[in-house]
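Please read the structure below before turning to the comments.
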Number of protein chains: 2
Amino acid sequence: MNELKFCYKYPHPAVTADCVIFGFDGVSIKILLIQRGIEPYKGKWAFPGGFMKIDETAEECAKRELEEETGLKNASVEQFYTFSDINRDPRERVISIAHYALVRLSEVKGGDDAASAKWYAMNDIPSLAFDHDRILRMAMNRLKERICFEPIGFDLLPEIFTMTELQNLYEAILEVKFDRRNFYNKMLKLGILTETEPRPANAPRRMPSKYRFNAEKYSELKQKGFRLEF
Amino acid sequence: MNELKFCYKYPHPAVTADCVIFGFDGVSIKILLIQRGIEPYKGKWAFPGGFMKIDETAEECAKRELEEETGLKNASVEQFYTFSDINRDPRERVISIAHYALVRLSEVKGGDDAASAKWYAMNDIPSLAFDHDRILRMAMNRLKERICFEPIGFDLLPEIFTMTELQNLYEAILEVKFDRRNFYNKMLKLGILTETEPRPANAPRRMPSKYRFNAEKYSELKQKGFRLEF
DNA sequence: ATTTTTTGCGCAAAAATCACGCAAACAATT
DNA sequence: AATTGTTTGCGTGATTTTTGCGCAAAAAAT
């Protein structure tokens, strides 16, 4: 047992892929964490992730581990940084290729595989294993940068949403406040939203218009060389 | 000899750090390449870089290899992507943590260690080893993104430069043309440039004003939460 | 000697941004 | 039932920013 049968002329680090999964409940940004069942850091919370197999890419590894540990399938993960500090892991030298993904809370069915997977609000994150607090800070910064220039926010909302929900999301991520009317106009002027229905003329005013993200329009506009610049 | 003395329970990939080094000669963006002296890809051009030691971080490795192979010291390298395709390297599974840096051409003394290091203009890049053409494309994209929001361009120019030189740099990187007067005004209005001398009133007009990047002003402004948005 | 290029200064039209007002519909409270 | 506060859509005027171009002097090129 415990044979050491993979041998090299020079020392090799182990490589893991970890996933910072963002969600949004209408009020605050949430993070999907799993509780570690084994040492080291047993009982502590950490990002889904694990060791990369020798015949998979980092992205494939991230997706596989994510599904194994949380039941979340087909998330569109994106690499954002590789952490290579010497003593990240007490067991051996481990470098971690960190990814992030934005998912709809509704798509993550609790239970099943993910007995110990749990959503935490950004302002209520427990103590994390390894250097995962540093990874989280970096992921959050990347999210803030990214959402200003790519319409990734829509991945966090239901398919159909109101302008106020969209504004709440932007305000939660960027930690700022926008004027409601200006946000409304700015968003519509971008031309990447479609009103779900022309809204009946006699509808009560209080019932807000609903929109969906128009991916075709966006890729059109992008090709013509326009930038979001939020 | 050739003992395989580092053994693990599971297979481990090898890890390298590679460096895409950008320069600017006043007209076009240049890349520093080295010619490979050994197989695989012997004779082909590649980025400086090499295998990570077990007691150094990726960034340390990138800097060390850069100095060893090109003589370039103390470059401020920044990681931008980790390449993990299965068959990147015919020898064994190798993942590469790619970095980039911006340096002044004048700071790279040819010769010495770097017998086979050479600058190539962006539009005249030879066939590259491994997947380095893909790495180059990605680095260039990252540079384009980055220079719009961080004043990194100044690392490519001499300490003291004219507005026209700065404009040429931006145009070379972003592959666009700016109106000279608008560029001039926009840059000055940012408040991150210092005129080297108040410019004598009777100076000939044709002699352009010279500027330097004011790092203090920039970090001041940045703290107050302003963005470049070029 | 003539033409072309480069630099600095600056303005006016067009566009974008910003800070609000207002009324109707609804919910919660008294 | 009346009052109060909230949410939604529509709009508007003031300010700021962007953009496109003119001009003259000095230097370089022809």
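Every chain is numbered from 1 and lettered A, B, ... according to where its sequence line falls, protein lines coming before strand lines.
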- Give, ordered by number, those residues of residues 219-230 of chain B having at least one heavy-atom distance below 4.0 Å to an atom of DNA chain C; if nothing qualifies, reply none. none
- Look up atom CG in A:Leu105 and atom CG in A:Asp25, then write down how far apart they are to the nearest 0.5 Å. 6.0 Å
- Item | Check: A:Tyr218/A:Glu150 side-chain N/O donor and acceptor closer than 3.5 Å | yes
N/O contacts under 3.5 Å, protein versus nucleotides 15-21 of chain D?
unit_1	atom_1	unit_2	atom_2	d
D:dT18	OP2	B:Lys189	NZ	3.1
D:dG20	N7	B:Asn182	OD1	3.4
D:dG20	N7	B:Asn182	ND2	3.2
D:dC21	N4	B:Arg181	NE	3.2

- Query: Roughly, in whole Å, what's the span from NZ in A:Lys177 to P in C:dC18?
  - Reply: 17 Å
- Query: How close or far is atom P of C:dC18 from atom CZ of A:Arg180, stated in whole angstroms?
  - Reply: 17 Å
- Roughly how many Å is it from CE in A:Met187 to P in D:dT8, rounded to a whole number? 16 Å
- In terms of ring plane angle, is the pair B:Phe230 and B:Tyr170 parallel, tilted or perpendicular, where the classes change at 30° and 60°? tilted
- What orientation do B:Phe178 and B:Phe183 show, parallel under 30°, tilted 30 to 60°, or perpendicular over 60°? tilted
- Item | B:Met207 CE - D:dA25 P separation (whole Å) | 19 Å
- Task: Would you please test B:His99 and B:Asp18 for side chain to side chain contact (heavy atoms under 4.5 Å, CB included) and show each step?
- Result: CA-CA 6 Å; B:His99 298 69; B:Asp18 290 314; over 6 Å; no
- Item | Distance in angstrom units between B:Phe183 CZ and C:dG10 P, rounded | 20 Å
- Rounded to the nearest angstrom, tell me the gap between atom CZ in A:Phe161 and atom P in D:dT8. 14 Å
- Query: For the atom pair CZ (A:Arg104) and CG (A:Asp155), what is the distance rounded to the nearest 0.5 Å?
  - Reply: 6.5 Å
- Touch check for A:Thr164, heavy atoms < 4.0 angstrom, all strands: base, sugar-phosphate only, or nothing? sugar-phosphate
- Electrostatic pair B:Glu78-B:Arg146, nearest N-O below 4.0 angstrom: yes
- When rounded to whole Å, the CE to P distance for the pair B:Met163 and C:dT5 reads 23 Å
- Task: Check side-chain contact (heavy atoms from CB on, under 4.5 Å) between B:Lys217 and all other residues, then give those that pass, not counting sequence neighbours.
- Result: B:Asn214
- Closest heavy-atom pair, B:Val27 versus B:Ala172, reported as atoms and distance to 0.1 Å, is O-CB, 3.7 Å
